[in-house]
Enquirer: 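Can you keep this structure in mind? I'll have questions shortly.
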Protein chains: 2
Amino acid sequence: METPAPTTRFADPPAGTPRRPGGRSARVRRRVLDTVITLLVERGYDALTVDAVAERSGVHRTTVYRRWRDVGGLLADVLAEATGDDWQPRDTGSLRGDLEAINQEVHEALTAEPPLTGALIAASFRSPPAAAALRAFWADRYERCAVVVARAVARGEAPAGTDARALLVAATAPVYHELLLLRSGADLTVAAQAARTAAVAARAGAFVTA
Amino acid sequence: METPAPTTRFADPPAGTPRRPGGRSARVRRRVLDTVITLLVERGYDALTVDAVAERSGVHRTTVYRRWRDVGGLLADVLAEATGDDWQPRDTGSLRGDLEAINQEVHEALTAEPPLTGALIAASFRSPPAAAALRAFWADRYERCAVVVARAVARGEAPAGTDARALLVAATAPVYHELLLLRSGADLTVAAQAARTAAVAARAGAFVTA
DNA sequence: TCCTTAAAGCGACGACTGTTGCGATAAGAT
DNA sequence: ATCTTATCGCAACAGTCGTCGCTTTAAGGA
């Protein structure tokens, strides 16, 4: 004659936001996320299973499944934690130089071993939370890079009204495309070439929208 | 006192190339590949398991596993079959128009429902055969598109020595980037904008390598 | 300090994945 | 027509994935 026990717990917050975020939950979260990074670095993406994370971290399988649902959820949480860093684009003195510097970092991230970025992207195709986290990460990055365009406009390297995002996408997209999709064994010249092209197009006013 | 039976069959050709490609093997292949496409269209990528394909096609699980190994192998075979079509880029009379037409097709492919292209790309991150097939497909497409650049050079819209592949990648990469990675709800203007930018850069000689 | 109950731990389960050994069938050569 | 053997069908298996009902622990409020 009591109220029936709820069949599902954790109804409202789907993952990562316990209503008692204190001591134990915090410790569990920390141990799990640390383990995710460790496993990813040591054994790569394919070895990153929920079971492996659970065993290695000493947290029970069921707990991981309930709080993070799957590997994508785990990666999303790791990524969310990493998004709030203090990264800023370098200031090299020219638009082309700035874009080249950005593209070099993109190139490094995409060719790093183990392929952490690649793992996140692969996961984003299977897990909506991972996709959302990655989208947020990139939105943040592109926003911070807008200052590069502002500086270029101030120097007269691009006309006023230049669409910063479009310019940045044009500069970086070829690097992602070659390395991630076409998987050509592209070296750093791709990064430089794409940056140069975007700078030329910007000067010609190709990114002025209105 | 006979030679011991080999424990593994299908040693040399890993997939899809039986040494007796005749009647039965051909029928099995056809039924399986048709089923892959059907399932992909009807239920999407996540429902595309080896078991589902086996059951639906009436071919035994074991046979599918032996010939195609996994879902990636199945998709790779489907893709290989689709690569040999007679596709050609449209001739609109201008570089910008040609690039726009190409980008429109890319846009369509990436936003099609169900997301067949997306499924292939997702699979390419997990299966080397699928990745190889996709790479071959794109290499073929970019090669066929080179004629667009040749026409542009002939019309004087780009200087001689323009790197066709670099130009085409610059034109198309932003569309893939926005739709696949950034997942912004980008409409066709992205396609047009990227084509326009690439055309401007080409005219300015941004793709002349030497 | 005590109480309520959110969250973690536990064991078992059904479903699915991929493999193996063996027998049955038929492709392709003679 | 006959024979060899590549390929397919079959059944059973271990391993993994994700879930569920239940118990135990401890977070956070009184």
Side-chain angles (χ1 to χ4, degrees), chain A residues 2-33 35 39 43 45-74 77 123 126-127 129, chain B residues 2-33 35 39 43 45-74 77 123 126-127 129:
Chain A
E2 350 174 10
T3 56
T7 51
T8 59
R9 287 87 186 272
F10 262 83
D12 283 333
T17 316
R19 276 174 266 182
R20 282 183 186 174
R24 185 164 63 161
S25 291
R27 278 196 303 276
V28 163
R29 186 173 120 102
R30 183 94 322 270
R31 260 191 294 164
V32 166
L33 294 191
T35 304
L39 276 181
R43 304 193 209 165
Y45 177 54
D46 281 331
L48 191 70
T49 69
V50 172
D51 277 29
V53 171
E55 193 185 358
R56 177 89 168 234
S57 66
V59 173
H60 201 273
R61 284 163 30 81
T62 313
T63 300
V64 180
Y65 275 114
R66 280 203 272 247
R67 280 191 64 175
W68 288 276
R69 185 173 184 82
D70 57 15
V71 176
L74 286 168
D77 205 359
R126 312 217 47 145
S127 156
Chain B
E2 349 173 11
T3 56
T7 51
T8 60
R9 286 84 186 275
F10 263 81
D12 284 332
T17 316
R19 277 174 267 182
R20 281 183 187 173
R24 184 166 63 164
S25 290
R27 279 196 303 277
V28 163
R29 186 174 120 102
R30 182 94 322 268
R31 261 190 294 164
V32 167
L33 294 192
T35 305
L39 276 181
R43 303 194 210 165
Y45 177 55
D46 281 331
L48 191 70
T49 69
V50 172
D51 278 29
V53 171
E55 192 184 359
R56 177 87 169 236
S57 66
V59 172
H60 201 271
R61 286 163 29 82
T62 312
T63 301
V64 179
Y65 275 114
R66 280 203 273 246
R67 280 192 62 176
W68 287 276
R69 185 172 183 84
D70 57 16
V71 176
L74 287 167
D77 205 0
R126 313 218 45 144
S127 156

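What's counted below: heavy atoms across the whole structure, side chains too, no hydrogens, waters or symmetry copies.
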Enquirer: Which residues pass the side chain to side chain donor-acceptor pair (under 3.5 Å) test with B:R43, not counting sequence neighbours?
Expert: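 With neighbours one apart ignored, the set is empty.
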Enquirer: Starting at atom CZ of B:R31, determine the distance to atom C1' of D:dC8, rounded to an integer number of angstrom.
Expert: 10 Å
Enquirer: So, does A:S25 get its side chain near the phosphate of C:dA6, meaning an N or O under 4.0 Å from OP1 or OP2?
Expert: no
Enquirer: Grab the N/O contacts between the protein and nucleotides 11-13 of chain D below 3.5 Å, and write none if there aren't any.
Expert:
unit_1, atom_1, unit_2, atom_2, d
D:dA11, N6, B:T62, OG1, 3.2

Enquirer: The side chain of A:T49 is closest to which nucleotide in this list: D:dC17, D:dT25, C:dG18?
Expert: D:dC17
Enquirer: Quick one: pull up CG in B:D77 and CZ in B:R67 and give me the separation to the nearest 0.5 Å.
Expert: 8.0 Å
Enquirer: Could you pull out all residues at least two apart from B:V59 that satisfy side chain to side chain contact (heavy atoms under 4.5 Å, CB included)?
Expert: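 Here the qualifying residues are B:V28, B:R31, B:V32, B:S57, B:T63, B:V64.
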Enquirer: Expressed as a whole number of angstroms, how long is the span from B:R67:CZ to D:dA6:C1'?
Expert: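 In whole Å, D:dA6 C1' lies 11 Å from B:R67 CZ.
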Enquirer: Identify the residue among A:V71, A:T35, A:L74 that makes a side-chain contact (heavy atoms from CB on, under 4.5 Å) with A:L48.
Expert: A:V71
Enquirer: Quickly work out the A:R24 CZ to D:dA27 C1' distance and round it to whole Å.
Expert: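 Whole-Å distance recorded here is 8 Å.
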Enquirer: What is the distance, rounded to the nearest whole Å, between atom CG of A:L48 and atom P of D:dC17?
Expert: 11 Å
Enquirer: Provide, to the nearest angstrom, the distance between the CZ atom belonging to B:R66 and the C1' atom belonging to C:dG18.
Expert: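 After rounding, the gap between these two atoms is 12 Å.
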Enquirer: To the nearest Å, give me how far apart CG (B:L74) and C1' (C:dG18) are.
Expert: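 It works out to 14 Å between those atoms.
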Enquirer: Ignoring backbone atoms, test whether A:Y65 places a side-chain nitrogen or oxygen under 4.0 Å from the OP1 or OP2 oxygen of D:dT19.
Expert: no
Enquirer: Measure CD/B:E55 against P/C:dT17 and give the value in whole Å, please.
Expert: 11 Å
Enquirer: Taking only residues two or more places apart in sequence or in another chain, which ones pass side chain to side chain donor-acceptor pair (under 3.5 Å) with A:R24?
Expert: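 None.
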Enquirer: Who are the side chain to side chain donor-acceptor pair (under 3.5 Å) partners of A:R126, not counting sequence neighbours?
Expert: B:D46
Enquirer: Rounding to a whole Å, what distance do you find between A:R69:CZ and D:dC20:P?
Expert: 10 Å
Enquirer: Could I get the full list of side chain to side chain donor-acceptor pair (under 3.5 Å) partners for A:T62, not counting sequence neighbours?
Expert: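 Side chain to side chain donor-acceptor pair (under 3.5 Å) list for A:T62, sorted by chain: A:H60.
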Enquirer: Which is true for A:D51 with a 4.0 Å heavy-atom rule: it touches a base, it touches only sugar-phosphate, or it touches nothing?
Expert: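 Sugar-phosphate contact only - A:D51 comes under 4.0 Å of backbone atoms but never of a base.
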